[in-house]
Asker: 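Sharing a structure below in structure tokens format, with a few things to ask.
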Amino acid sequence: MDARTQKPARQVVELEVDGETIEATIAPHRLLVDVLRDACGRTSVKEGCESASCGACTVLVDDVPRLACITPAADVIGSKIRTAESLRSSDGRLHALQEAFIHHHAVQCGFCTPGMLMAGLALLEENSRPTEQEVRDAIAGNLCRCTGYVRIVRAILAAAQTLGARPERRLPEMAS
Amino acid sequence: MFPFHYHRPTAWPDAIQLLSRPGAVAKMGGCDVLTKYRRGQIRPESVVALHLLPAVGELRTSPAGVQIGAGVSLRQLVAAPSFRELWPEIAAVAAQVASPAIRSAATAVGNVAQGWEVSDLVPVFQVCGAELDVVGPGGERSLTVDDYARQPGTGALNPGEIIARLRLPARQQGFRIAYQRFALRDGFDLPLVSVAVGAVVTAQGFADVRVAAVGGQDMPSRCEAAEAALAGGGDAASLAQAASALAAWAKPPSDFRASGEYRRHLLGVLLSRALGTLRAQ
């Protein structure tokens, strides 16, 4: 039987997004990026290339960076999903990474920023004292067509310092 | 986007049956299948997720051999101390594939299974003598990664067949691997060409030399001519002969990224570098 004559049944699922349990009715082929944006209101999750090449849709699934554009929403039921909306605290204060991105002018058009923030967050949660090369490796899959990356790398290194990393790793040590 | 039925079987017979149907596509990490789907290159009737099948997430390491379950991600493989200890060269190659977000979904088996003409891991698995265990409607069978990679895509699999795991043999005493790649940028780019060499390295020279290259033929392939040139132990003259043999064997395409002539030259250079690395290790 042709799948398109027999429409796949929609199902009600519960997703844990940024600590909130959200119920959504989805078709089985729906991808996480669309469900996060349309059903969960997480419009920080950007859809750039739509095919795993730009990193704008990077979210954390159980603390690990994943591309929401090629992740079926059904696969992350029961997982802890985090988007850039989770970075701001409930009293409105920005995360050190966000502050650093502002301070170092790491944002121009802003489209890549949420993905960059989540890739940077995943790095800093695993490695609180990254080197410049480790930062560059962590954001290797995130494209930015505005900044030239230097300011983004600088911002993530600065956030690492703010969050309690080694004071001796000063920014002027950067090669670029 | 075109809808598809999404199945997530938890038992092997169910998965085999679902994949035996026309228009069914297997998915593990989804990096290849869902990227093709999103680009409109495939229009599956149904997608069968394999990540809930028993034991697909198992990574078994022992000096007698390694078994990498089909669901083991590159991230897991790179992070496993027991694997890094046994096959540090493979772990280093896997750690360079694509990006962190891709590596957390993409699997080592999937990297082979997708049957791309370009891969970093396939040539390394080829020189290690890695094998794939396949289950399907006709029972179980095994084939080498080298045999699997003779045709593009999943052409080596019959309908309903699933790669359950990849096996690496016991590591011979003195066996070393060197891998050299050339890409237009270091991060998040597939190689234009690459060369993997595996050999038992002794004070007398090389033995049991295996050479595999990406970008020389349509698919990642062993190069018998280069291996034959090194069969005598790898003196200085034979190293140069092997590089020439690899370049002569290669039929690389020309496109906007590089001419075929340039790629052929690179292959010889990369083989020389890889052999130099093997000796220096």
Side-chain angles (χ1 to χ4, degrees), chain A residues 1-11 26-34 47 49-77 115 118-120 122-123 126-127 133-143 149, chain B residues 1-9 18 21-25 27-52 71 73-76 78-79 92 95-106 110 114 183 185-190:
Chain A
M1 180 155 322
D2 188 282
R4 280 166 285 274
T5 53
Q6 184 199 34
K7 208 173 171 186
R10 289 158 72 89
Q11 58 177 142
I26 60 168
H29 69 283
R30 291 280 277 174
L31 294 164
L32 183 60
V33 62
D34 299 321
E47 187 151 38
C49 68
E50 306 183 347
S51 53
S53 299
C54 77
C57 67
T58 304
V59 296
L60 303 193
V61 175
D62 294 330
D63 305 328
V64 168
R66 292 284 294 269
L67 298 176
C69 75
I70 54 162
T71 304
D75 283 3
V76 297
I77 297 168
M118 299 318 282
L123 169 69
E126 262 191 2
N127 175 2
Q133 189 55 50
E134 285 167 339
V135 171
R136 289 183 178 277
D137 290 344
I139 61 168
N142 295 73
L143 297 187
Y149 302 102
Chain B
M1 276 187 299
F2 296 109
F4 54 73
H5 290 274
Y6 189 40
H7 303 289
R8 299 192 298 151
L18 287 164
R21 296 178 184 171
V25 172
K27 171 190 103 61
M28 186 59 86
C31 294
D32 185 42
V33 167
L34 289 176
T35 299
K36 283 184 180 150
Y37 166 70
R38 298 229 49 178
R39 290 179 178 164
Q41 294 164 344
I42 57 168
R43 198 180 152 178
E45 299 273 334
S46 61
V47 173
V48 182
L50 307 176
H51 64 284
L52 301 178
S73 70
L74 297 179
R75 178 185 168 88
Q76 287 170 296
V78 170
Q96 300 280 309
V97 171
S99 68
I102 300 267
R103 289 195 295 275
S104 59
Q114 65 192 5
R185 55 182 185 152
D186 286 341
F188 202 23
D189 200 6
L190 289 163

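Just so we're on the same page: letters track the sequence lines, and every chain starts at 1. Just so it is clear, the values below take in all heavy atoms, side chains as well, and ignore hydrogens, waters and symmetry mates.
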Asker: Check B:Ser104 against A:Arg66 and note the closest heavy-atom contact, atom names and distance.
Answerer: OG-CD, 3.3 Å
Asker: Which pair of heavy atoms, one from A:Gly141 and one from B:Ser99, lies closest together, and at what distance?
Answerer: CA-CB, 3.4 Å
Asker: Could you tell me which portion of A:Leu31 (side chain, backbone, both or neither) has an atom closer than 4.5 angstrom to a non-hydrogen atom of chain B?
Answerer: side chain
Asker: Against chain B, label A:Glu126 side chain, backbone, both or neither, depending on which of its atoms sit under 4.5 Å from a heavy atom there.
Answerer: side chain
Asker: Rounded to the nearest 0.5 Å, what separation is found between the CZ atom of B:Arg38 and the CD atom of A:Glu47?
Answerer: 4.0 Å
Asker: Below 4.5 Å, heavy-atom pairs only: which of A:Ala27, A:Ala119, A:Cys69 has the largest tally toward chain B?
Answerer: A:Cys69
Asker: Determine, for A:Glu50 against B:Lys36, whether the closest basic-nitrogen to carboxylate-oxygen distance falls under 4.0 angstrom.
Answerer: no
Asker: Can you measure from CD1 (B:Ile102) to CD1 (A:Ile70) and round to the nearest 0.5 angstrom?
Answerer: 5.0 Å
Asker: Assess whether ring pair (Phe, Tyr, Trp, His ring centres under 6.0 Å) is satisfied between B:Tyr6 and A:His29, documenting all intermediate values.
Answerer: CA-CA 6 Å; B:Tyr6 189 40; A:His29 69 283; 9.7 Å; no
Asker: When only pairs under 4.5 Å are counted, which of A:Gly55, A:Cys49, A:Ala52, A:Ala74 shares the most heavy-atom pairs with chain B?
Answerer: A:Ala74
Asker: Are any non-hydrogen side-chain atoms of B:Lys27 and A:Pro72 less than 4.5 angstrom apart?
Answerer: yes
Asker: Looking only at heavy atoms, what is the nearest atom pair of B:Gly187 and A:Ala140, with distance?
Answerer: CA-CB, 4.4 Å
Asker: Measure B:His7 against the heavy atoms of chain A and call it side chain, backbone, both or neither at under 4.5 Å.
Answerer: neither
Asker: Given B:Arg39 and A:Ser51, is the side chain to side chain donor-acceptor pair (under 3.5 Å) satisfied, shown in steps?
Answerer: CA-CA 7 Å; B:Arg39 290 179 178 164; A:Ser51 53; 3.1 Å; yes
Asker: Looking at chain B, which one of A:Thr71, A:Asn142, A:Val64 has the largest number of heavy-atom pairs inside 4.5 Å, strictly under?
Answerer: A:Val64
Asker: Under 6.0 Å from the CD atom of B:Gln76, do we count more than 12 heavy atoms belonging to anything else shown?
Answerer: yes
Asker: To the nearest 0.5 Å, how far apart are CG in A:Asp75 and CG in B:Leu52?
Answerer: 7.5 Å
Asker: For atom CG of A:Asp63, is the number of surrounding heavy atoms from other residues, nucleotides or ligands below 6.0 Å larger than 12?
Answerer: yes
Asker: With a 4.5 angstrom heavy-atom cut-off, could you sort out which part of B:Arg75 is near chain A: side chain, backbone, both or neither?
Answerer: side chain
